[in-house]
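Working notes, structure below.
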Protein chains: 2
Amino acid sequence: MGQGRNQYQIIRSALCEQIESGALPAGTKLPPERQLSESFGTTRVTLREALSSLEADGMVYREDRRGWFVSPERIVYDPTVNTNFHTMVKGQGRMPETRLISAALVPATTKIQKLLQLPPLTPVYRVQRLRLVDQRTVLYVENYINPEYFPGLLDQDLQQPLSDIYRTHYSTRYSKVNFRLYPVGIHDEAATHLKVTSGSSGLLVTRINHDKKKRLIDCDFEYWRQDAIVITAQARK
Amino acid sequence: MGQGRNQYQIIRSALCEQIESGALPAGTKLPPERQLSESFGTTRVTLREALSSLEADGMVYREDRRGWFVSPERIVYDPTVNTNFHTMVKGQGRMPETRLISAALVPATTKIQKLLQLPPLTPVYRVQRLRLVDQRTVLYVENYINPEYFPGLLDQDLQQPLSDIYRTHYSTRYSKVNFRLYPVGIHDEAATHLKVTSGSSGLLVTRINHDKKKRLIDCDFEYWRQDAIVITAQARK
DNA sequence: AAGTGGTCTAGACCACGGA
DNA sequence: CCGTGGTCTAGACCACTTA
């Protein structure tokens, strides 16, 4: 299983083995870096090389300045299913939570304009939120919403799922019309909140409402932690 | 655009800007690490931190012991489309190529057994290949094939698309039935060939043949370089 | 043979978390 | 306050590529 001849790969394998064997169960906090590096007879730099590579593979995660932890089971996310975060997470026996960072009317960037098919200089609602599973931040989402369809949206309680607000207050139901997976390229704002370097992946989802014209109402950028998500989908038949 | 206060983030931003502005066109070889680190008034370690983070975002790539390069435009890959690598790449005006690493009858691992719904101890064909775009390795694929449907497959010319072999020699056409995206977790064999640490993402595809029983004929594990692919797909309507 | 990236050492200071 | 992770320095040796 990839022993490798380099130190950091040997350390990687050793930690990997401990995790897969169950000796280090999910959620366990690893010993301090200085202690670990001494145990392996190396320096912190090399040890961190090994830990970073495990992080990129989603086997461990870090909490800023608190330490390294063994990753829990990944959430499975199927973007083709027309459900929401809370339903999906609860369905897998985990505890979902949403925290609002900000909600405001902002000028649409060129990119958002195109995505929502809006004329130039249109302001849009931007909602920035964090999503947690079992108390841990696993996702940063940025929603851009066409304000024409949702006047006064900012006065609503944005801690609840947007889909609930759309349905309850605007009688709007939607479908996800397409998604794009960016294997890379974490947004700066997301990086600030997720506090990860390589351990995240991006996803773009757009939605249309179910009226006759099927207009685009919303698009969002989702930045998931690598250790927190497995994306799965069925192909078109 | 994420200046950051740390050195490596400043360097990151600087390089990022140069690339996005077009001052460093796709394919450009960056100056040697020692020279770059001196230019930025820092050490190689810090410079490499910046480069690695750009690699994780797919903006640059490395060729083992040859240097760092600005990434070309990404290939767009839609896993729900029932096409193959060569068609897809040529359709985007790029030059595809396939190299066979090995093809053999091997004992199925437990995982493969389950995926192909085979009884225990069944041997399967394993085909390992590299795929290149414009001379550059961007993908490592491992195919596991149910030998019951393709007797003598190893005698075929495996440089050509498997789909062509299936159709020409076995009168079999297939659909992709599902795929899974692993945002992380590069396979060891793949790592050997792709020579990347964080710059890759995995994909699992299974296929069924078009006969009345629609049996699983094949599954493959694809490991893409992060800088080489954008995955996109349409949701179920 | 020279230059380069891949890896590693043995330290250091800072800012933040937790007691 | 101390211990921790986050960041950084100024070197080093090796294996490989390139000329």
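Chain letters run A, B, ... following the sequence lines, proteins first, then strands; residues in each count from 1. Scope of the values below: all heavy atoms of this structure, side chains included, with no hydrogens, waters or symmetry mates.
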Would you mind reading off the distance between [X] atom [atom1] and [N] atom [atom2], rounded to a whole angstrom?
X       : N      : atom1 : atom2 : answer
B:Leu36 : C:dG3  : CG    : C1'   : 15 Å
B:Phe69 : C:dT4  : CZ    : P     : 13 Å
B:Ile10 : D:dT7  : CD1   : C1'   : 12 Å
A:Arg48 : C:dA10 : CZ    : P     : 18 Å
A:Lys29 : C:dG17 : NZ    : P     : 13 Å
A:Leu47 : C:dT7  : CG    : P     : 15 Å
B:Asn6  : C:dA15 : CG    : P     : 11 Å
B:Gln35 : C:dG3  : CD    : C1'   : 12 Å

Does the side chain of [X] get closer than 4.0 angstrom to OP1 or OP2 of [N] through an N or O atom?
X       : N     : answer
B:Gln7  : D:dT9 : yes
B:Thr46 : D:dT9 : yes
B:Thr42 : D:dC8 : no

Nearest heavy atom decides the nucleotide; on that basis, is B:Gly41 or A:Leu30 closer to the 5' end of DNA chain D? A:Leu30
With heavy-atom distances below 4.5 Å as the criterion, would you say the side chains of B:Leu153 and B:Ile165 are in contact? yes
Flag the pair A:Trp224 / A:Tyr140 as yes when their ring centroid distance falls below 6.0 Å, and as no otherwise. no
In chain order, what residues pass the ring-ring contact (aromatic ring centres under 6.0 Å, His included) check against A:Phe85, with sequence neighbours excluded? none
For residues 127-140 of chain A, pull every pair meeting salt bridge (Lys or Arg N to Asp or Glu O under 4.0 Å), keeping only residues two or more places apart or in separate chains. A:Arg94-A:Asp134, A:Arg136-A:Asp227
Does B:Tyr125 have any side chain to side chain donor-acceptor pair (under 3.5 Å) partners at least two apart in sequence or in another chain, and if so, which? none
Excluding sequence neighbours, so at least two apart, what forms side chain to side chain donor-acceptor pair (under 3.5 Å) with B:Ser163? B:Asn84
Under 4.0 Å protein heavy-atom contact, by nucleotide of nucleotides 13-19 of chain D - B base, S sugar-phosphate only: B-BSSS-
Sequence neighbours left out, what pairs pass ring-ring contact (aromatic ring centres under 6.0 Å, His included) with at least one residue falling in residues 29-72 of chain B? B:Tyr61-B:Phe69
Per A:Tyr8 side chain, nearest of listed nucleotides C:dT7, D:dG6, C:dT4: C:dT7
So which nucleotide from D:dT7, C:dT4, C:dA10 ends up closest to the side chain of B:Pro32? C:dT4
